[in-house]
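Reading through the structure tokens given below for one structure.
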Amino acid sequence: MPKTPKRSLTLWFSDSNFPKVDKRAWGCFLDAVNILKPDGVWCGGDLVDMASVTHHEKTPEDRGLTMKKELESGKAGLAEVRRTAGRACREFLLVQGNHEYRLDRYLASGACPKELMDWLPANVDEGLDLKRTGWEYIGRERQAPYMAGDLAVCHGLWYPANHAQKHVTTLGCNVIYGHTHRPQSHTIRKVGTGSITATGSGCLRVLERDWEHMKAAAFTGWSHGFVVISWDGRRSHCTNVLIHNGRAAYAGITFRDR
């Protein structure tokens, strides 16, 4: 197992789906970054929606979206995180989600005319300018899963009603993930090694009630939230923090959209 990271506090957010981010939930998360001053900030994937290049059914909200607008919106969000976190925060990770993978699939599909291909980024990493801005990109090939000390990090592998139980029993270790938009945790006792926990985070995107109404029950129950990861020098401790109407609380501290 890799050495436990030398950090005390990490903040995790996932599924902001820029430019479809919920502005109040996003502001609340940034307030938590500003107050808690974490050693690291991790994005669990689906930073951008990439509705402009998906083959899925479009919604009225997608009208007018372009790849450039979506990527610029995501870049602005990442810049806000770095600016708010300050220079003391030295670790920034972005885990590739299925929405980032939409761009990879589009580029491989041949849908774009060949004479315009050199106008496009080679991948999301390049499109979001991650290397220049100091964000480490954890692509799909590194999510097997990616290990940070005792904690497995991935965008999310399953989507059943009891998704946390599925993740922890299948992977057999502590794990954090996003993807489901439904905060959940499940702990099991592993003989000989103690307890292990899977923590699935909420999202920061707009909660579209009309869209949810047309989906099956497994897609309902979306909630806003983020995760605080504390490290005791030996193992990770993940705490889901729920956001209600732009407000949240953790360890007696209130965060709000300013």
Side-chain angles (χ1 to χ4, degrees), residues 11-30 32 41-51 54 56-62 65 70 73-74 77-78 81 93-102 124 138 140 143 145 152-168 170-171 175-186 197-229 238-248 250 255 257:
L11 290 186
W12 163 286
F13 74 97
S14 189
D15 302 274
S16 51
N17 290 87
F18 280 95
K20 299 179 181 180
V21 66
D22 185 278
K23 293 181 179 178
R24 296 189 67 191
W26 181 249
C28 181
F29 172 70
L30 290 178
V41 180
W42 297 352
C43 175
D46 289 0
L47 171 79
V48 286
D49 192 74
M50 300 313 300
T54 183
H56 293 301
E57 181 182 0
K58 306 289 186 180
T59 69
E61 291 76 18
D62 298 332
L65 283 180
E70 293 198 81
S73 179
L78 293 180
V81 171
L93 299 182
L94 173 57
V95 176
Q96 181 184 19
N98 56 293
H99 282 252
E100 281 83 24
Y101 192 53
R102 286 178 173 179
V124 169
I138 310 299
R140 291 165 66 91
Q143 297 179 51
V153 178
C154 62
H155 175 59
L157 304 172
W158 300 281
Y159 207 109
N162 298 314
H163 49 86
Q165 181 181 25
K166 176 68 173 179
H167 277 81
V168 73
T170 304
L171 295 179
V175 56
I176 186 170
Y177 61 95
H179 187 50
T180 68
H181 302 188
R182 293 174 289 140
Q184 192 176 105
S185 65
H186 187 83
T197 300
T199 304
S201 65
C203 65
L204 295 178
R205 64 155 293 153
V206 170
L207 305 179
E208 298 171 354
R209 299 305 302 180
D210 290 341
W211 188 89
E212 286 188 320
H213 178 70
M214 293 184 289
K215 293 292 181 178
F219 290 84
T220 61
W222 288 7
S223 299
H224 289 144
F226 58 93
V227 177
V228 177
I229 310 172
C238 299
T239 303
N240 258 314
V241 180
L242 303 183
I243 301 174
H244 300 284
N245 297 321
R247 295 173 64 91
Y250 167 79
F255 315 112
D257 173 32

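Since this is a predicted model, take the numbers as computed values, not measurements.
Phe29 has its side chain within reach of Leu11: a pair of non-hydrogen atoms, C-beta onward, lies under 4.5 Å apart. Put simply, the side chain of Val124 does not reach to within 4.5 Å of the side chain of Arg102, judged on heavy atoms. In this structure, the side chains of Leu204 and Asp15 stay at 4.5 Å or more apart for every pair of heavy atoms. Side chains of Val153 and Pro145 form no contact here, defined as non-hydrogen atoms less than 4.5 Å apart. Proximity of His155 to Tyr177: side-chain heavy atoms (C-beta onward) are nowhere separated by under 4.5 Å. Side chains of Leu47 and Phe13 form a contact here, defined as non-hydrogen atoms less than 4.5 Å apart. Contact annotation: the side chain of Arg182 never approaches that of Ser223 to less than 4.5 Å [non-hydrogen atoms, C-beta and beyond]. Counting only heavy atoms from C-beta outward, the side chains of Pro19 and Leu65 approach each other to under 4.5 Å.
Although no hydrogens or angles enter the test, the distance criterion places no donor-acceptor pair under 3.5 Å between the side chain of Gln96 and the main chain of Ile138. Using a distance-only test at 3.5 Å, with no hydrogens or angles considered, a donor-acceptor pair links the side chain of Arg24 to the main chain of Asn245. In terms of modelled atom types and a separation under 3.5 Å, the side chain of Asp46 and the main chain of His99 share a donor-acceptor contact. Side chain of His163 to backbone of Tyr159: no donor-acceptor contact under 3.5 angstrom is found. No donor-acceptor distance shorter than 3.5 angstrom exists from the side chain of Gln143 to the backbone of Cys154, with no hydrogens or angles considered.
To the nearest 0.5 angstrom, His167 atom NE2 is 11.0 Å from Thr199 atom OG1. Taken from CG in Leu171 to NZ in Lys166, the straight-line distance is 9.5 Å, to the nearest 0.5 Å. Once rounded to the nearest 0.5 Å, the distance linking CG of Asp22 with OG of Ser16 reads 11.0 Å. Between atom OG of residue Ser201 and atom NE2 of residue His181 there is a gap of 8.5 Å, rounded to the nearest 0.5 Å.
Shortest non-hydrogen contact noted between Ala198 and Ala164 is CB-O, 3.3 Å. Between Thr54 and Ala51, the shortest heavy-atom distance links the atoms CG2-O, 3.2 Å. What you find for Asn240 and Gly200 is that their closest heavy atoms are ND2-O, 3.1 Å. Smallest separation of non-hydrogen atoms from Glu70 and Met50: OE1-N, 2.7 Å. The minimum heavy-atom distance linking Gly178 with Trp12 is given by the pair N-CZ2, 3.8 Å. Scanning all heavy atoms of the two residues, the minimum distance from Asp49 to Arg205 falls at OD1-NH1, 4.0 Å.
No side-chain donor-acceptor contact under 3.5 Å links Arg247 and His244. Between the side chains of His186 and Asn162, not a single donor N or O lies within less than 3.5 Å of an accepting N or O.
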Exercise. Walk me through it: do Val95 and Trp42 pass the test side-chain contact (heavy atoms from CB on, under 4.5 Å)?
Key: CA-CA 8 Å; Val95 176; Trp42 297 352; 6.0 Å; no
Quiz prompt | Evaluation steps, side-chain contact (heavy atoms from CB on, under 4.5 Å), between Trp26 and Val81 | solution = CA-CA 10 Å; Trp26 181 249; Val81 171; 3.6 Å; yes
Self-check item: Verdict with supporting geometry, His179 and Asn98, side-chain contact (heavy atoms from CB on, under 4.5 Å)
Solution: CA-CA 8 Å; His179 187 50; Asn98 56 293; 3.1 Å; yes
